Number of protein chains: 2
Amino acid sequence: MDPLGFSPHNHDHCISDGVAAADAQCRAKGLQLTPVRRRVLEILLQEHRAMGAYDILDHLRNEGLGSQPPVAYRALDFLVKHGFAHKIERLNAFVACAHPEGDHAPVFLICRDCNSVAESDGRTVRKAMADTASQSGFAIDRSVVEALGLCPNCREGHAE
Amino acid sequence: MDPLGFSPHNHDHCISDGVAAADAQCRAKGLQLTPVRRRVLEILLQEHRAMGAYDILDHLRNEGLGSQPPVAYRALDFLVKHGFAHKIERLNAFVACAHPEGDHAPVFLICRDCNSVAESDGRTVRKAMADTASQSGFAIDRSVVEALGLCPNCREGHAE
DNA sequence: GGGACTCATGTAATGTTATAACAGCCGCGG
DNA sequence: CCGCGGCTGTTATAACATTACATGAGTCCC
Ligand SMILES: [Zn+2]
Ligand SMILES: [Zn+2]
Ligand SMILES: [Zn+2]
Ligand SMILES: [Zn+2]
């Protein structure tokens, strides 16, 4: 699984692929990818960064799609709930999912310099967490795993 | 390392030991454990749960130790910065550190039923995260690791 | 002792993030 | 037509957090 976020890429694909994947999954599961929800997902994919709910709301307002906080929060709740986006707790912000195919347990790598957020494969980390939790009899439902540090690009700049 | 938080214990010890440990470390490092800071730590130890900054502020206000948000936030910043307390990002709340002896990289287990928060040993998890991050060239400074689920006590209730 | 400095605190004002509550709309099955 | 569930529009407010500036206590140097 590719961490994304730290490497150049054809960004048009991010958007079209992300929306297409969400579209397909919604059709498959009987969910409604309404105009607001679709647009919020597009905005997140377009900007390709962690955005606050109010940042997104600004976009929506400019486009006449809603101007009050609940509009943005409801769309974000839907996207997060169904795995099309994630909330970054540390930033109180949201990112489009980089791997919208099926279930996954992501680990986020947050650069403190350029604020980019990469979504990485969390399987080994989840395994370790499950082990840790089982020792105290705790049953994990979901988890928040976020690392803060320097991305490869910003490390270069600092190394000199 | 004991996860704490899910098992009965002599709670007076939590408080006196926690404050004593902070006191010793402050003396050793030349930090000032001022009345407000000490009192906030005591409150966190006393309540033994994740508390919002405004919950703490209420206590302080009742005791005439400060009534404005910055008073609570400054004390909490100090405690968190020096490892005497932790912020739970998922809850926007704070807990006293359960293992105030030296550096550590905790994993938090948050019960969605009773809201208790246990602090568990994160070494294996951090190892897994370091491996994951290194694959993409990311250098981790700090990390947020929080699991949400059911604690042993609440599991029993649900199992029936 | 006075002056400059640092660190902690007091307080007002404000900024940011998130939710509650209720009204209206629309598509669908009865 | 009617009721119902899901989505949206809007107002208001709750919850969380910071900026900015003033004050006071201790320390260092002279
Ligand atoms: Zn994802
Ligand atoms: Zn970076
Ligand atoms: Zn701790
Ligand atoms: Zn519980």
Side-chain angles (χ1 to χ4, degrees), chain A residues 22-23 26-27 29-41 43-44 49-82 84-95 110 115 117 144 146, chain B residues 22-23 26-27 29-41 43-44 49-82 84-95 110 115 117 144 146:
Chain A
D23 225 344
C26 285
R27 234 184 303 269
K29 295 182 191 167
L31 305 172
Q32 301 184 49
L33 191 62
T34 63
V36 183
R37 292 169 178 176
R38 173 187 296 265
R39 188 65 194 123
V40 170
L41 178 57
I43 291 166
L44 285 173
R49 62 186 174 93
M51 301 180 75
Y54 283 74
D55 293 340
I56 289 164
L57 188 56
D58 288 342
H59 284 254
L60 295 179
R61 218 190 317 261
N62 293 338
E63 300 171 13
L65 271 174
S67 59
Q68 302 305 320
V71 174
Y73 279 101
R74 285 194 287 233
L76 288 166
D77 285 348
F78 172 87
L79 296 173
V80 169
K81 180 175 180 184
H82 296 101
F84 307 132
H86 302 289
K87 181 170 187 185
I88 310 297
E89 296 290 344
R90 175 69 194 217
L91 303 177
N92 294 317
F94 301 83
V95 283
I110 305 167
N115 289 308
V117 175
V144 175
E146 299 169 3
Chain B
D23 224 344
C26 284
R27 234 184 303 269
K29 296 183 191 169
L31 305 171
Q32 301 184 49
L33 192 61
T34 62
V36 183
R37 292 169 178 176
R38 174 187 296 263
R39 188 65 195 121
V40 170
L41 178 58
I43 291 166
L44 285 172
R49 61 187 175 90
M51 301 180 75
Y54 281 72
D55 293 341
I56 289 164
L57 187 56
D58 287 342
H59 284 255
L60 294 179
R61 220 192 314 263
N62 293 338
E63 300 171 14
L65 271 173
S67 58
Q68 303 303 322
V71 174
Y73 280 102
R74 286 194 286 233
L76 288 166
D77 286 348
F78 172 87
L79 295 173
V80 169
K81 180 174 180 185
H82 296 101
F84 306 132
H86 301 289
K87 180 169 188 184
I88 309 297
E89 296 290 344
R90 176 70 194 216
L91 304 177
N92 293 318
F94 302 83
V95 283
I110 305 167
N115 289 308
V117 175
V144 175
E146 299 170 2

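In what follows, chains are A, B, ... by sequence order, proteins preceding strands, each numbered from 1. As the structure is a computational prediction, the values presented were derived from the model and not from experiment.
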Checklist outcome for this item: Separation of C:dG10 atom C1' from B:L60 atom CG, nearest Å, is 13 Å
Checklist outcome for this item: Readout for nucleotides 23-29 of chain D: B = base within 4.0 Å of protein heavy atom, S = sugar-phosphate only, - = neither; 5' to 3' it is -------
Next on the checklist: Classify the ring geometry of B:F94 against B:Y73: parallel below 30°, tilted from 30° to 60°, perpendicular beyond 60°.
Outcome noted: perpendicular
Checklist entry - Is A:L33 touching bases, backbone alone, or none of the nucleic acid, heavy atoms closer than 4.0 Å? => result nothing
Checklist entry - Residues in ring pair (Phe, Tyr, Trp, His ring centres under 6.0 Å) with B:H59, at least two apart? => result none
Checklist outcome for this item: On a heavy-atom basis, the closest approach of A:V36 and A:L65 is CG2-O, 4.0 Å
Item to check | Whole-Å distance separating the CZ atom of B:F78 from the C1' atom of C:dT9 | outcome: 14 Å
Checklist entry - Quick check: does any side chain N or O of A:N62 sit under 3.5 Å from a backbone N or O of A:D58, one acting as donor and the other as acceptor? => result yes
Item to check | Protein-to-nucleotide contact annotation, 5' to 3' order, nucleotides 11-30 of chain C [B base; S sugar-phosphate only; - none; under 4.0 Å, heavy atom] | outcome: BB----BBBBB---------
Checklist outcome for this item: Rounded to whole Å, the NZ-C1' distance (A:K81 to D:dC7) equals 13 Å
Checklist entry - Within this structure, what is the CE-to-P distance between B:M51 and D:dC16, rounded to whole angstrom? => result 12 Å
Next on the checklist: Whole angstroms only, please: what is the CG-P distance between B:D58 and D:dA15?
Outcome noted: 11 Å
Checklist outcome for this item: On a heavy-atom basis, the closest approach of B:A50 and B:L91 is CB-CD1, 3.9 Å
Checklist entry - Take atom NZ in A:K81; do more than 12 heavy atoms of anything else shown fall under 6.0 Å from it? => result no
Checklist entry - Any donor-acceptor pair under 3.5 Å linking the side chain of B:R37 with the backbone of B:Q32? => result yes
Checklist outcome for this item: A:R90 atom CZ is separated from D:dC16 atom P, nearest whole Å, by 17 Å
Checklist entry - Within the distance-only criterion (no hydrogens, no angle test), does the side chain of A:E146 pair as donor or acceptor with the backbone N or O of A:E89 below 3.5 angstrom? => result yes
Checklist entry - Closer than 4.0 Å, any side-chain N/O of A:Q32 to the OP1 or OP2 of D:dC7? => result yes
Checklist entry - Under 4.0 Å between a Lys/Arg side-chain N and an Asp/Glu carboxylate O for B:R74 and B:D77? => result no
Checklist entry - Can you check the A:L31 CG to D:dC7 C1' distance for me, whole Å? => result 13 Å
